[in-house]
Amino acid sequence: MASFRFAGARSRVSTGIPGLDALIEGGLLPGRIYVVSGPPGSGKTTFGVQFLAAGAWHGERGMYVSLLEDVENIIYDMTTFSFKVEELISSGKLLFLDIGEMLEASAEFPTYKQLLNKISDQVKFRRVRRLVIDSISAIKFMGSDPKFEKNQMGEFFRGLQKIGCTTLLLSEMTDPERYLPEHFLAHGVVFLHNFLSDSRMLRAIQIIKMRGTRHDCNLRRLEITKKGLRVTNLLKSI
Ligand SMILES: Nc1ncnc2c1ncn2[C@@H]1O[C@H](COP(=O)(O)OP(=O)(O)OP(=O)(O)O)[C@@H](O)[C@H]1O
Ligand SMILES: [Mg+2]
């Protein structure tokens, strides 16, 4: 029998991204699973690390799980921002888990169940509260039938929910008009856009869905500076 948590005045988890919390009733709901989708270079990794760093500075330990990219490279890239990633890593408030190392040990890409076990062990052992997985696109959900694949992804989401962290799943997206299975399964979805307009590259952010939340739906300008991501005005009013 399921037990229910009734929606009262719910505390929110800050994303750590200036301008974003105000668009989603103050932040994310703790313990839920969110998807951040975007094309290459749109800011997904920066979004994830900024979210973890913000939590880490406020006592919530964060873990970034990298499936494909070497974590050394990610850490190196993130030191260009003022998140003080190295300091957070040294003090144990920010952890990076390299799934590539698991791969070297077994010579086969881990299944989503093995991945869940590995993440769950680390979360319990290190008392992690915020989780980022880079990326859900890299996880192999077996099956030639797309329905079967979605069922497996559904199990993965349920497993993650049991782990209990506030979780961001980064996802690769090349066509913002083509929704992916993870968009239906997640509690909330944020798109990062990176497109050419009159030979100028524009960055934008859009909240596609946020269950249980009144939220802004518009395309808003996204800036990336030394301080990380920042959401500003409506895109059309530039
Ligand atoms: N210090 C900085 N100041 C301003 N912009 C920066 C800085 N460092 C990186 N960027 C910009 O941020 C972009 C990278 O963002 P990020 O790595 O978070 O994207 P991503 O969506 O994770 O990319 P990928 O799909 O390749 O993993 C870079 O391509 C660059 O344009
Ligand atoms: Mg990335």
Side-chain angles (χ1 to χ4, degrees), residues 14-20 28 33-57 62-89 94-101 103 109 115 119 130-140 167-183 186 188-208 219-233 235 238:
S14 171
T15 59
I17 294 168
L20 183 55
L28 305 172
I33 321 290
Y34 297 91
V35 166
V36 177
S37 286
S42 55
K44 301 182 293 295
T45 296
T46 312
F47 192 119
V49 174
Q50 193 168 341
F51 164 73
L52 294 181
W57 285 112
M63 182 165 76
Y64 192 101
V65 181
S66 176
L67 275 87
L68 297 179
E69 180 71 41
D70 191 330
V71 297
E72 299 286 322
N73 290 337
I74 297 178
I75 294 166
Y76 180 83
D77 294 344
M78 291 301 122
T79 55
T80 69
F81 296 106
S82 57
F83 309 148
K84 299 196 181 138
V85 162
E86 282 160 320
E87 201 178 315
L88 290 171
I89 294 171
L94 178 58
L95 315 167
F96 281 82
L97 178 63
D98 198 336
I99 297 301
E101 284 172 9
L103 187 59
F109 208 77
L115 206 60
I119 293 170
R130 293 189 182 202
L131 188 65
V132 173
I133 300 178
D134 181 8
S135 65
I136 184 152
S137 323
I139 302 174
K140 197 157 167 45
T167 301
L168 299 186
L169 295 172
L170 309 187
S171 113
E172 291 167 9
M173 180 186 67
T174 44
D175 181 357
E177 308 226 325
R178 206 180 133 249
Y179 294 112
L180 303 167
E182 59 263 36
H183 297 147
V189 176
V190 174
F191 280 4
L192 303 181
H193 301 279
N194 196 9
F195 54 92
L196 269 178
S197 168
D198 295 334
S199 75
R200 265 185 76 205
M201 188 59 100
L202 290 181
R203 294 186 187 280
I205 189 168
Q206 187 183 19
I207 299 148
I208 301 297
L219 265 189
R220 290 192 173 258
R221 197 172 167 195
L222 184 72
E223 288 176 359
I224 306 187
T225 68
K226 199 177 157 29
K227 289 184 181 167
L229 305 184
R230 188 167 83 100
V231 182
T232 62
N233 45 328
L235 194 67
I238 292 172

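This chain uses plain numbering: 1 for the first residue, then up along the sequence. First listed ligand is number 1; within each ligand, the first listed atom is number 1.
Thr232 and Arg220 make their closest contact through O-NH1, 3.4 Å (heavy atoms, listed as atom of the first residue, atom of the second, distance). The two residues Leu219 and His193 make their nearest non-hydrogen contact at CD2-CD2, 3.3 Å. Scanning both residues, Glu69 and Asp98, for their nearest heavy atoms gives O-OD1, 4.2 Å. Among all heavy-atom pairs drawn from Val132 and Gly48, the shortest one is CG2-O, 3.6 Å. Heavy atoms only, all atoms of each residue included: Leu229 and Gln50 are closest at N-OE1, 2.7 Å. Of all non-hydrogen atoms in Ser66 and Val71, the two that sit nearest each other are CB-CG1, 3.8 Å.
At the top of the distance list for atom 4 (C) of ligand 1, counting protein heavy atoms only, stands Ile224 O, 3.3 Å. For atom 25 (O) of ligand 1, the closest non-hydrogen atom of the protein is Lys44 NZ, 2.8 Å. Closest to atom 3 (N) of ligand 1 among all protein heavy atoms lies Thr225 C, 3.6 Å. Among all non-hydrogen protein atoms, the one lying nearest atom 23 (O) of ligand 1 is Gly41 N, 2.9 Å. Atom 18 (O) of ligand 1 has Thr46 OG1, 2.5 Å as its closest protein atom, hydrogens excluded (heavy atom only). The protein non-hydrogen atom at the shortest distance from atom 17 (O) of ligand 1 is Thr45 CB, 4.1 Å.
Listed by atom number, the atoms of ligand 1 under 4.0 Å from Pro39 heavy atoms are 21 (O). Contact atoms of ligand 1 toward Pro40: 25 (O) (distance under 4.0 Å to a heavy atom of the residue). Listed by number with element, the atoms of ligand 1 under 4.0 angstrom from any heavy atom of Phe81 are 1 (N), 2 (C), 7 (C), 8 (N), 9 (C). Close approach to Thr80 involves these atoms of ligand 1, each under 4.0 Å from a residue heavy atom: 1 (N), 8 (N).
Under 4.0 angstrom from ligand 1, there are no non-hydrogen atoms of Asp134.
Ser42 counts as a contact of ligand 1, since one of its heavy atoms falls under 4.0 Å from the ligand. In this structure, Arg203 counts as a contact residue of ligand 1, since one of its heavy atoms falls inside 4.0 Å of the ligand.
Because the distance cut-off is set at 2.8 Å, Ser135 fails to qualify as a neighbour of the Mg ion (ligand 2), as none of its N, O or S atoms comes that close.
A heavy-atom distance below 4.5 Å is found between the side chains of Ile74 and Asp134.
Using bins of under 30°, 30° to 60° and over 60° for the plane-to-plane angle, the ring pair Phe81/Phe83 lands in the parallel bin.
The distance from atom CG of Leu20 to atom CD1 of Ile205, rounded to the nearest 0.5 Å, is 5.0 Å.
Within 6.0 Å of OH on Tyr76 lie no more than 12 heavy atoms contributed by other residues, nucleotides or ligands.
Remark: ligand 1 and Gly43 share an N or O pair separated by less than 3.5 Å (distance only, no angle test).
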